[in-house]
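Just so we're clear, the structure is a prediction, and the values are computed from it rather than from any experiment.
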Amino acid sequence: MIYADEVYKRGITGRGITAAVMDSGICYHPDYADRVVCFRDFVGKKENFYDDASHGSHVTGILGGNGSLSMGKYRGIAPECNLIHLKVLDRNGTGKVRDAVAAMDWVIRNQKKFDIRVLNFSVGTPEKDAEEEGKLLIEWVERVWDAGITVVVAAGNMGPEQGSITIPGTSPKVITVGFYDDSVKSGVRRKSFYSGRGPTAACVCKPEITAPGTLITSCSNLRPPSRPYCSKSGTSMATPMIAGAACLLLSQKPWLSNVEVKMKLKEAADDLGLPKEQQGWGRINLAKLLK
């Protein structure tokens, strides 16, 4: 749907680029375990990989899994990128702002050490609930952006009403991702559209871009009786596709700034003919992005 195979045939895989993922943790999945250069747990303070919610393993697989257990069938967007995972969500998939802030502070302090170029944050909270903690979350994603890192966040699943983008996706600086798929997949009509859409309370047009997000198959947490892969839906699944796209672009043109990456994504989006508050620039086209 986003022409990834055309890119892989040209040998563009994200090699040499490091992406950080803030989520629920990761398991030792063969599709990416040997490329995880650092794991930090801001919830349970554990040292070894673990994912007690399965969300983080799935998101990480979409961004950078190589599909080794599926003979390449369930390969992620940037299958040779380096990965850092920062666990900020608990077993229920919920988290505290202070843990997210601590993780982003860690990213900024360790940016040069690990050469972190991309940050994926597939989490959000309703804009209407934004008080001091919401403002703090936005402040810190913008600090990461200002440090030169391409920050990619989810639009949230609170749609389809206007003004349903979740924090920190309301930040005008970061790249906010919604999902859009074709109306039918595997012969089954999907549920109603629920991707968050703008404008924000500050009248900022969001999301910037969309990617597929329904029934995406990626890595599971491998806890019995789990299988190596499972399918999930939502903007959480669309977000790492764009983060992965940023890794591919940076592996090809490492001199680009995060602002330039954002503009390249805009130029590479296919206009779907939908309202701007639903599709933003349109759906990502990797063949255009890496032509």
Side-chain angles (χ1 to χ4, degrees), residues 2 4 7-8 10-23 26 31-40 56 59-66 75-88 100 102-123 140-154 168-169 171 173-177 208-209 211 236 238-269 284 286 288-291:
I2 61 175
V7 172
Y8 301 146
R10 294 168 50 201
I12 303 172
T13 59
R15 181 182 298 177
I17 301 300
T18 300
V21 178
M22 292 172 55
D23 215 285
I26 48 172
D31 283 16
Y32 54 69
D34 63 347
R35 287 177 288 111
V36 178
V37 296
C38 185
F39 172 79
R40 291 296 299 269
V59 167
T60 302
I62 295 171
L63 196 165
N66 61 19
R75 179 171 45 190
I77 301 299
E80 290 191 329
C81 73
N82 296 321
L83 295 160
I84 290 172
H85 199 98
L86 310 172
K87 179 175 171 62
V88 296
M104 287 185 277
D105 178 57
W106 185 93
V107 168
I108 294 171
R109 288 187 290 105
N110 289 275
Q111 176 184 5
K112 291 184 179 180
K113 178 180 179 180
F114 293 104
D115 194 20
I116 302 170
R117 301 297 307 275
V118 178
L119 174 65
N120 185 97
F121 194 22
S122 292
V123 183
W140 273 91
V141 294
E142 293 187 347
R143 285 193 188 188
V144 177
W145 180 272
D146 291 342
I149 296 170
T150 301
V151 182
V152 187
V153 303
S171 164
K173 291 187 177 182
V174 303
I175 300 168
T176 305
V177 184
E208 272 82 12
I209 196 165
S236 288
T239 302
M241 292 196 182
I242 300 302
C247 289
L248 295 179
L249 179 60
L250 288 168
S251 70
Q252 187 185 46
K253 300 178 179 180
W255 57 85
L256 293 178
S257 69
N258 53 0
V259 174
E260 290 171 322
V261 168
K262 190 174 185 179
M263 291 303 98
K264 292 290 186 182
L265 289 169
K266 178 179 181 180
E267 295 166 3
I284 184 60
L286 292 180
K288 281 185 182 180
L289 181 68
L290 300 158
K291 62 183 179 180

- Item | Gln111 side-chain N/O to Ala147 backbone N/O, donor-acceptor pair under 3.5 Å | yes

- Task: Quick one: pull up CZ in Arg10 and CD in Gln252 and give me the separation to the nearest 0.5 Å.
- Result: 6.0 Å

- Decide yes or no for Ile12 and Leu286: does some side-chain heavy atom of the first lie under 4.5 Å from some side-chain heavy atom of the second? no

- Item | Taking every non-hydrogen atom, the tightest pair across Ala20 and Val107 | CB-CG2, 4.5 Å

- Task: Compare every heavy atom of Trp140 with every heavy atom of Ile108, then report the nearest pair and how far apart it is.
- Result: CD1-CZ3, 4.0 Å

- Task: Answer yes or no: is there a donor N or O on one side and an acceptor on the other, between the side chain of Asp23 and the main chain of Gly56, under 3.5 Å?
- Result: yes

- Could you tell me whether the side chain of Lys262 and the main chain of Lys173 form a donor-acceptor pair under 3.5 Å? yes

- Output the distance between atom CE (Met22) and atom CZ (Arg40), rounded to the nearest 0.5 Å. 13.0 Å

- Message: With a 6.0 Å cut-off (strictly less than), is the heavy-atom count around NZ of Lys288, excluding the residue itself, greater than 12?
- Response: yes

- Between Ser251 and Leu248, is there a donor-acceptor pair closer than 3.5 Å when you use the side chain of the first and the backbone of the second? yes

- Message: With a 4.5 Å cut-off on side-chain heavy atoms, are Ile209 and Ile242 touching?
- Response: yes

- Item | Nearest heavy-atom neighbours spanning Val59 and Pro240 | O-CB, 3.5 Å

- Roughly how far, to the nearest 0.5 Å, is CD of Glu267 from CD of Glu260? 10.5 Å

- Taking side chain as C-beta onward, heavy atoms only, is Trp106 less than 4.5 Å from Ile116? yes

- Message: When you compare the side chain of Phe121 with that of Val151, does any pair of heavy atoms fall below 4.5 Å?
- Response: no

- Message: Please check: side-chain N/O of Arg117 versus main-chain N/O of Pro254, any donor-acceptor pairing under 3.5 Å?
- Response: yes

- Message: Per the side chain to side chain donor-acceptor pair (under 3.5 Å) rule, what does the pair list look like for residues 76-85, sequence neighbours excluded?
- Response: Thr13-Glu80, Arg15-Glu80, Thr60-His85

- Message: Is any side-chain heavy atom of Ile2 closer than 4.5 Å to one of Ile77?
- Response: yes

- Task: Quick one: pull up CD1 in Ile84 and NZ in Lys113 and give me the separation to the nearest 0.5 Å.
- Result: 9.5 Å

- Item | Passing option when Cys81 is tested against Val118, Leu63, Thr18 for side chain to side chain contact (heavy atoms under 4.5 Å, CB included) | Leu63

- Note on the structure: Interatomic distance, CG@Leu265 vs CG@Leu289, rounded to 0.5 Å, equals 5.5 Å

- Message: Check whether Ser122 reaches the backbone of Ala154 with its side chain - one donor and one acceptor, N or O, closer than 3.5 Å.
- Response: no

- Identify the two heavy atoms, one from Tyr8 and one from Pro79, that lie closest to each other, and give their separation to 0.1 Å. CE2-CD, 3.8 Å

- Check Ala243 against Asn120 and note the closest heavy-atom contact, atom names and distance. CB-OD1, 3.4 Å

- Message: Within this structure, what is the CZ-CG distance for the pair Arg143 and Asp105, rounded to the nearest 0.5 Å?
- Response: 8.0 Å

- Query: Looking only at heavy atoms, what is the nearest atom pair of Val174 and Pro168, with distance?
  - Reply: CG2-O, 3.9 Å

